[in-house]
Visitor: 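Structure in structure tokens, see below.
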Amino acid sequence: MTTRTTAGERASIFDGLAAEIVKASKGLRESSASRNTTAEIRALAQNDYGRPLRHSLGRAEVREIIAEARSTVWPRLNDESVKLVSPAEFTRLWSGLGVQFQLASLRGAEGLAVLGFYVREMGNSRLPLICVNTAHHPAAIGAAFSHEMGHHLVGRLYGSRKQHAQLLTYTAYGEHLDDPEELAADVLVSLGVFPEAIARKIFLKPRKESQAKSAAAEITDSISTTVLKYFEGRFGLTFGAQPPSTKKLQYLAGVIHFAKLRHALLTEYDI
Ligand SMILES: [Zn+2]
């Protein structure tokens, strides 16, 4: 399945989780949404994140983005995990950051596919806009606020080339790997979710020297279980034993994406 040794090692981390999800989702009524999400999860789990990260964002750029984020929005970024607050509280806390907010509850399959978006150009004297779909789980809402705020910071830092709004949807995570602006916004979410000490604990477990044959499988299982437990304990996002709903499958795509990106930041840049 993999051709490069180092990439293969990285790619294998979530294979076990993806396989479990695919197995569990067979119990679902085969809606096209769940089929697509299952395929996306499989693709994300197999993607190598190290190379696209290096290609899209250098170590110095990542450090610069972190410094900007710490000096403006998240003073404890990468030291502590971000706190989930209500949408109204997010807008209150971030009211002085030169951006306006629009909250909307978009339900139904199409509405729920949208997590949020950021519009940089709002015309005469109007501030850029962050819109967040509040019909989601608080963890997904928090990720959307953080991702869109990431666009705001990165745009100010580098001057964005993009004028149009970019929707944050469940199905676009794979595309973010080749898009420096999207990846930069996701880096901030990943660091907010997994601060360094926690990331090191989860992703850099010491390997057992013996039982070399089953070590890879063992690490894969323990890491995916640890990541899911962490999301449950820290952010109240549960996946449970029964077959996940389409919505939960979509959240799992996000969990895998942000976990793999965090792992790549650690192994590629020691961040
Ligand atoms: Zn985005």
Side-chain angles (χ1 to χ4, degrees), residues 36-37 40-41 43-44 47 49 52-53 55-58 61-62 64-66 68-69 72-74 77 82 84 87 90-91 94 97-106 110-122 126-194 235 247 250-262 264-265:
N36 290 344
T37 312
E40 190 202 353
I41 288 170
L44 287 174
N47 265 352
Y49 272 56
L53 172 64
H55 190 255
S56 291
L57 295 169
E61 278 174 300
V62 173
E64 200 175 7
I65 292 163
I66 294 172
E68 174 73 10
T72 50
V73 188
W74 297 283
L77 185 70
V82 290
L84 292 181
F90 269 116
T91 65
W94 292 354
L97 296 173
V99 65
Q100 56 179 326
F101 296 91
Q102 177 74 56
L103 304 176
S105 180
L106 310 169
E110 274 181 37
L112 283 170
V114 176
L115 287 161
F117 57 87
Y118 175 70
V119 188
R120 187 162 284 118
E121 301 284 321
M122 288 297 289
R126 304 222 21 218
L127 297 173
L129 173 74
I130 286 176
C131 182
V132 170
N133 184 2
T134 57
H136 283 289
H137 186 282
I141 293 173
F145 266 105
S146 304
H147 174 93
E148 305 309 343
M149 180 50 78
H151 279 307
H152 186 57
L153 295 181
V154 171
R156 285 204 310 202
L157 200 55
Y158 297 111
S160 175
R161 287 134 289 178
K162 277 188 195 154
Q163 300 303 318
H164 62 274
Q166 192 85 17
L167 287 177
L168 175 61
T169 65
Y170 299 122
T171 50
Y173 293 120
E175 293 161 27
H176 289 189
L177 291 177
D178 303 315
D179 184 329
E181 286 187 30
E182 293 300 333
L183 201 60
D186 285 348
V187 160
L188 294 173
V189 178
S190 273
L191 294 170
V193 170
F194 303 103
F235 303 108
K247 198 170 162 186
Q250 291 164 328
Y251 294 160
L252 266 169
V255 166
I256 292 177
H257 173 69
F258 291 118
K260 287 195 69 166
L261 180 55
R262 187 65 190 86
L265 286 164

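Computed from a predicted model, the values in this text were never measured in an experiment. One-based numbering, in listed order, for ligands and for the atoms of each.
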Visitor: Taking all non-hydrogen atoms of both residues, which atom of Ile141 and which atom of Thr134 are closest, and how far apart?
Guide: CD1-O, 3.6 Å

Visitor: Tell me whether the rings of Phe145 and Trp94 are parallel (<30°), tilted (30 to 60°) or perpendicular (>60°).
Guide: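 Rings of Phe145 and Trp94: perpendicular, as their planes differ by over 60°.
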
Visitor: Any N/O/S atom from Asp186 (main chain or side chain) under 2.8 Å of the Zn ion (ligand 1)?
Guide: no

Visitor: Of all the N, O or S atoms in Glu182, which one sits nearest to the Zn ion (ligand 1)?
Guide: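 For Glu182, the N, O or S atom at the smallest distance from the Zn ion (ligand 1) is OE1.
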
Visitor: Could you pull out the atom name of the N/O/S atom in His151 that is nearest the Zn ion (ligand 1)?
Guide: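 This residue's closest N, O or S atom turns out to be NE2.
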
Visitor: To the nearest 0.5 Å, how far apart are OG in Ser190 and NE2 in His257?
Guide: 6.5 Å

Visitor: Taking backbone and side chain together, does His147 place any N/O/S atom at a distance below 2.8 Å from the Zn ion (ligand 1)?
Guide: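 Yes.
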
Visitor: Please identify which of these residues, Val187, Leu153, Leu77, Leu57, meets the side chain to side chain contact (heavy atoms under 4.5 Å, CB included) condition with Ile65.
Guide: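 Answer after filtering Val187, Leu153, Leu77, Leu57: Leu57.
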
